[in-house]
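Start at 1 and go down the list; that is how both ligands and their atoms are numbered. Heads up: numbering here begins at 1 and tracks the sequence.
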Amino acid sequence: MPVKTSTTREIPNNVSAPRHVAIIMDGNGRWAKERYLPRVLGHRRGLKAVRKSVEFCYQNNIEFLTLFAFSSENWRRPLEEVSFLLALFQKSLEEEVTKLDENNVRFKMIGDRSKFSKKLQDLIQESERVTHDNTGLTLTVAANYGGRWDIVNATNQAILNGHLEISEDVLSQFLQLNFAPEPDLLIRTGGEVRISNFVIWDLVYTELCFTDVLWPDFDEKCFYDALNRYSERERRFGRAGTEHEISPKEIINS
Ligand code: FPP
């Protein structure tokens with residue numbers, strides 16, 4: 001199956017099970033607050049839920065998992081929290097990439113990495129290099145990522161590469177998720193019902209699943225629930241629903 005097709009240009013073939021799941025991992029702070037713990041401990045517990053979700057995906061043949069770990073607007077948080085999140089990202093790469101590699105997981109990062117320390121940038125690059133040829137799950141972490149930044153960046157890259165006119169095809173080559181199919185399912189935990197500048201270009205025909213479960217509590221059962229909700233959706237991609245009984249031709253002739 002080709003990796004990248006466009007849902008606005010062609011209808012994907014088999015969408016009964018999601019190939020690509022994207023997750024906005026929200027609710028770490030509230031999880032900690034409910035327990036009278038500092039917010040950062042919610043993020044630490046959030047990392048455990050990340051591990052569970054990665055395992056779930058490779059056990060359930062989901063090909064792509066994309067996680068929103070740090071948005072371009074998250075720099076607005078207190079400095080200690082930002083530092084903790086970046087340190088947690090660095091530590092998890094240092095400690096987990098070997099295990100990801102052993103499990104045939106390909107690691108990718110999307111977002112503007114130029115704002116990170118040289119050490120973190122090198123670690124990201126090395127993690128991508130080591131796991132590059134793996135053929136199992138592609139795990140993508142969005143860090144310092146913003147959907148609008150992605151589109152503007154892709155446009156600038158297209159211009160720098162000599163494209164004088166922007167089309168869907170041209171732009172999608174330069175977008176951060178150019179290696180992945182558009183997400184079939186977006187899960188957002190934590191009860192908020194918004195996209196928050198996530199992969200806005202790629203989400204146009206994604207099925208959205210919002211849950212009140214706070215991210216550290218998101219487990220295998222919650223993931224199955226989301227997949228069940230997905231399986232009940234009729235993905236029409238702009239077509240009429242299958243339930244209509246009278247054809248337009250019949251109405252015109254009546
Ligand atoms: C949103 O919850 C969560 C984040 C901004 C950070 C997500 C990070 C992790 C799950 C851990 C690290 C992950 C990786 C991939 C290394 P929030 O803090 O906004 O929660 P709140 O809405 O309850 O305050």
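- Applying the 4.0 Å criterion to heavy atoms of Arg30 picks out, from ligand 1, the atoms 21 (P), 22 (O), 23 (O).
- For atom 17 (P) of ligand 1, the choice among Leu47, Asp26, Leu86 with the nearest heavy atom turns out to be Asp26.
- Here is the list of ligand 1 atoms found below 4.0 Å of a heavy atom in Arg39: 17 (P), 18 (O), 24 (O).
- Comment: Glu80 does not engage Arg39 in a salt bridge, judged by the lack of any side-chain N to carboxylate O separation of less than 4.0 angstrom.
- Taking any N or O of Gly27, backbone or side chain, at least one lies under 3.5 Å from an N or O belonging to ligand 1.
- In Leu160, the CG atom is crowded: over 12 heavy atoms of neighbouring residues, nucleotides or ligands sit closer than 6.0 Å.
- Atoms of ligand 1 lying under 4.0 Å from at least one heavy atom of Arg77, given by number and element, are 5 (C), 17 (P), 18 (O), 19 (O).
- A salt bridge is absent between Glu73 and Arg148: the closest approach of a Lys/Arg side-chain nitrogen to an acidic carboxylate oxygen does not fall below 4.0 angstrom.
- Listed by number with element, the atoms of ligand 1 under 4.0 Å from a non-hydrogen atom of Trp215 are 10 (C).
- Annotation for Phe218 and Lys52: closest pair O-CD, 4.5 Å, computed over non-hydrogen atoms.
- Among all protein heavy atoms, the one lying closest to atom 11 (C) of ligand 1 is His43 O, 3.6 Å.
- Looking from atom 12 (C) of ligand 1 to the surrounding protein, the closest heavy atom is Leu88 CD2, 3.8 Å.
- A pairwise comparison of heavy atoms in Phe107 and Glu128 identifies O-CG, 3.4 Å as the closest pair.
- Heavy atoms only, all atoms of each residue included: Ser72 and Asn144 are closest at CA-OD1, 3.5 Å.
- Near Gly29, with a cut-off below 4.0 Å to any heavy atom, the atoms of ligand 1 are 17 (P), 18 (O), 20 (O), 21 (P), 23 (O), 24 (O).
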I'd like to know whether Leu93 forms a side chain to side chain contact (heavy atoms under 4.5 Å, CB included) with Ile124, so could you lay out the CA-CA distance, the side-chain angles of the two residues, the decisive distance to 0.1 Å, and finally the verdict. CA-CA 7 Å; Leu93 287 177; Ile124 292 165; 3.8 Å; yes
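- Annotation for ligand 1: atoms under 4.0 Å from non-hydrogen atoms of Ser92 are 16 (C).
- At the shortest separation from atom 13 (C) of ligand 1 among protein heavy atoms lies Val50 CG2, 4.1 Å.
- Phe198 approaches Leu67 most closely through the heavy-atom pair CZ-C, 4.4 Å.
- Of all non-hydrogen atoms in Tyr230 and Ser16, the two that sit nearest each other are CE2-O, 3.6 Å.
- Closest to atom 1 (C) of ligand 1 among all protein heavy atoms lies Met25 O, 3.1 Å.
- Defined by atom type and a distance below 3.5 Å, a donor-acceptor pair is missing between the side-chain atoms of Thr211 and Arg229.
- With respect to atom 7 (C) of ligand 1, the closest heavy atom belonging to the protein is Ala69 O, 3.5 Å.
- Short contacts between ligand 1 and Asn74, defined as distances under 4.0 Å to a heavy atom of the residue, involve ligand atoms 5 (C).
- Here the heavy atom of the protein found nearest to atom 9 (C) of ligand 1 is Asn28 ND2, 3.7 Å.
- Only the side chain of Leu85 comes within contact range of ligand 1, with a heavy atom under 4.0 Å; no backbone atom does.
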